Asker: 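Below: one structure in structure tokens.
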Amino acid sequence: MAKLDISGTDENNMAIEALKRMKGDWADLSNNELGSILREYDDEGLKGVANNAKGIFHELLFVEEFNSRDNGLTARIFEETNHPGADIQILNAKGEVINEMQLKALQSEYGIYHHFDRYPDIEVIATKEVADLFDNVETSGFSNKEITQDMEQTINSLSEDDVIDLAQESAALSSIISAFKASTDILSGKSEVSDAG
């Protein structure tokens, strides 16, 4: 299993990484290419993308926070995003897996009931909104509402960045055309070098 190295990345980059992990054919896309794809979705489609990616985003945030502690343990996510029953592994200082956990970013407790029906022996770490409703569920320390908002903002930024990149490319092309015209005018004697600014 490959360990995903997200150390030193900010939340926006982790949200982008979550989007790229969500769909296999998005993995190698540039941010601009990802933005172009997201622009093809309507509002409902983008909500669905955000909802699917926020669970992966939650896992990345948790692993980053867990690994910042100085407790001799390391957390890592599974390479595949659909691993049955668990999302992360906890390793001791020798690199041995000592625990596997499922992370849940939810507003409602029903997803946790469903997990325990299928995997009663696998621990759940959940967002603040639902963790307090269970005696046997720890909180990740993150809020589902905040994770959702961060993911939606990242999706909006990617889409807007795509528009900005296109505008910048158009502006750069206009500058090149203007410079070419000015240099042609100088060479043909239509204008002086001092007029070409």
Side-chain angles (χ1 to χ4, degrees), residues 1-69 73-91 95 97 99-107 111-112 114-115 118-119 122-130 138-162 165:
M1 173 194 314
K3 180 184 174 189
L4 180 68
D5 183 13
I6 56 167
S7 57
T9 59
D10 63 22
E11 288 187 8
N12 186 55
N13 286 336
M14 279 190 264
I16 292 170
E17 179 64 28
L19 284 165
K20 290 181 178 183
R21 282 180 54 78
M22 187 187 84
K23 289 190 78 165
D25 55 349
W26 290 4
D28 297 321
L29 295 179
S30 69
N31 291 355
N32 193 41
E33 290 168 333
L34 186 55
S36 294
I37 288 172
L38 292 172
R39 283 171 49 80
E40 295 174 8
Y41 285 80
D42 62 16
D43 288 345
E44 278 304 306
L46 286 177
K47 283 182 184 176
V49 169
N51 195 47
N52 287 333
K54 77 171 180 179
I56 300 169
F57 181 38
H58 183 221
E59 295 163 21
L60 296 176
L61 289 168
F62 179 82
V63 167
E64 173 75 1
E65 192 280 326
F66 187 94
N67 289 340
S68 70
R69 305 173 196 168
L73 301 175
T74 304
R76 69 180 181 191
I77 62 174
F78 286 95
E79 189 171 351
E80 65 275 15
T81 57
N82 60 349
H83 189 275
D87 296 315
I88 64 166
Q89 293 180 319
I90 305 299
L91 293 80
V97 176
N99 199 5
E100 292 186 352
M101 296 184 230
Q102 174 78 31
L103 269 79
K104 293 287 188 187
L106 303 167
Q107 286 280 112
I112 294 176
H114 181 67
H115 169 82
R118 296 183 67 197
Y119 307 102
I122 297 178
E123 183 180 346
V124 173
I125 307 287
T127 42
K128 295 175 185 176
E129 290 87 344
V130 295
E138 296 286 326
T139 180
S140 64
F142 297 99
S143 158
N144 181 66
K145 181 178 179 183
E146 290 169 358
I147 289 171
T148 303
Q149 287 173 345
D150 288 348
M151 181 55 66
E152 289 173 350
Q153 286 174 359
T154 296
I155 288 171
N156 289 338
S157 288
L158 283 168
S159 299
E160 289 166 10
D161 283 349
D162 187 55
D165 286 346

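All figures in this text were calculated on a predicted structure; none of them were measured in a lab.
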Asker: Rounded to the nearest 0.5 Å, how far apart are CD of Glu129 and NZ of Lys145?
Answerer: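 So the CD of Glu129 and the NZ of Lys145 are separated by 8.5 Å.
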
Asker: For Met151 versus Ala18, what's the shortest heavy-atom pair and its separation?
Answerer: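 Reported closest heavy-atom pair: CE-CB, 4.0 Å.
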
Asker: Between atom CZ of Arg39 and atom CD1 of Ile37, what is the distance when rounded to the nearest 0.5 Å?
Answerer: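 Arg39 atom CZ to Ile37 atom CD1 measures 12.5 Å (nearest 0.5 Å).
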
Asker: Would you give the length of the straight line joining atom CD of Glu152 to atom CD of Gln149, rounded to the nearest 0.5 angstrom?
Answerer: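 Reported value, rounded in 0.5 Å steps: 7.5 Å.
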
Asker: Might you confirm whether atom CD of Glu65 has over 12 heavy atoms from other residues, nucleotides or ligands at distances under 6.0 Å?
Answerer: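 Counting other residues, nucleotides and ligands, CD of Glu65 exceeds 12 neighbours.
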
Asker: Would you compute the distance between atom CD1 of Ile88 and atom OG1 of Thr74 and round it to the nearest 0.5 angstrom?
Answerer: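 Going from the CD1 atom of Ile88 to the OG1 atom of Thr74 covers 11.5 Å.
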
Asker: Ignoring hydrogens, what is the shortest heavy-atom contact between Leu103 and Phe62? Give both atom names and the distance.
Answerer: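 Leu103 and Phe62 have their closest heavy atoms at CD2-CB, 3.3 Å.
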
Asker: Please report the shortest heavy-atom distance between Ile90 and Ala75, naming the atom on each side.
Answerer: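 Minimum heavy-atom contact is CD1-CB, 3.7 Å.
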
Asker: Please check if the number of heavy atoms outside Arg118 that lie under 6.0 Å from its CZ is greater than 12.
Answerer: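 No, not enclosed.
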
Asker: If every non-hydrogen atom of Ile56 is compared with every non-hydrogen atom of Arg21, which pair is closest and at what distance?
Answerer: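 Scanning both residues, the minimum pair turns out to be CG2-NE, 3.9 Å.
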
Asker: Would you say Asp43 has more than 12 foreign heavy atoms packed within less than 6.0 Å of its CG?
Answerer: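 It does not: Asp43 CG has 12 such atoms or fewer within range.
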
Asker: Quick one about Asn144 and Lys104 (side-chain donor to acceptor, distance below 3.5 Å, no hydrogens or angles considered), yes or no?
Answerer: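 No - no donor-acceptor pair under 3.5 Å links their side chains.
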
Asker: Identify the two heavy atoms, one from Ile122 and one from Glu100, that lie closest to each other, and give their separation to 0.1 Å.
Answerer: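 In this case the closest contact between Ile122 and Glu100 is CG2-O, 3.8 Å.
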
Asker: What is the distance from atom CG of Asn13 to atom CD of Glu64, rounded to the nearest 0.5 Å?
Answerer: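 Separation between the atoms: 11.0 Å.
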
Asker: If every non-hydrogen atom of Leu19 is compared with every non-hydrogen atom of Trp26, which pair is closest and at what distance?
Answerer: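 Distance-wise, the nearest heavy atoms are O-CE3, 3.4 Å.
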
Asker: Could you measure the distance from the CZ atom of Phe57 to the CD1 atom of Ile16? Nearest 0.5 Å is fine.
Answerer: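 So the CZ of Phe57 and the CD1 of Ile16 are separated by 10.0 Å.
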
Asker: Please check if any side-chain donor atom of His58 sits under 3.5 Å from a side-chain acceptor atom of Thr127, or the reverse.
Answerer: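 His58 vs Thr127: no donor-acceptor pair found between side chains.
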
Asker: Check this for me: Asp28, atom CG, are more than 12 non-hydrogen atoms of other residues, nucleotides or ligands nearer than 6.0 Å?
Answerer: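 No, CG of Asp28 has 12 or fewer neighbouring heavy atoms, counting only those of other groups under 6.0 Å.
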
Asker: Name the orientation class of the two ring planes belonging to Phe78 and His83 (parallel below 30°, tilted from 30 to 60°, perpendicular beyond 60°).
Answerer: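 Ring orientation, 0 to 90° scale: parallel.
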
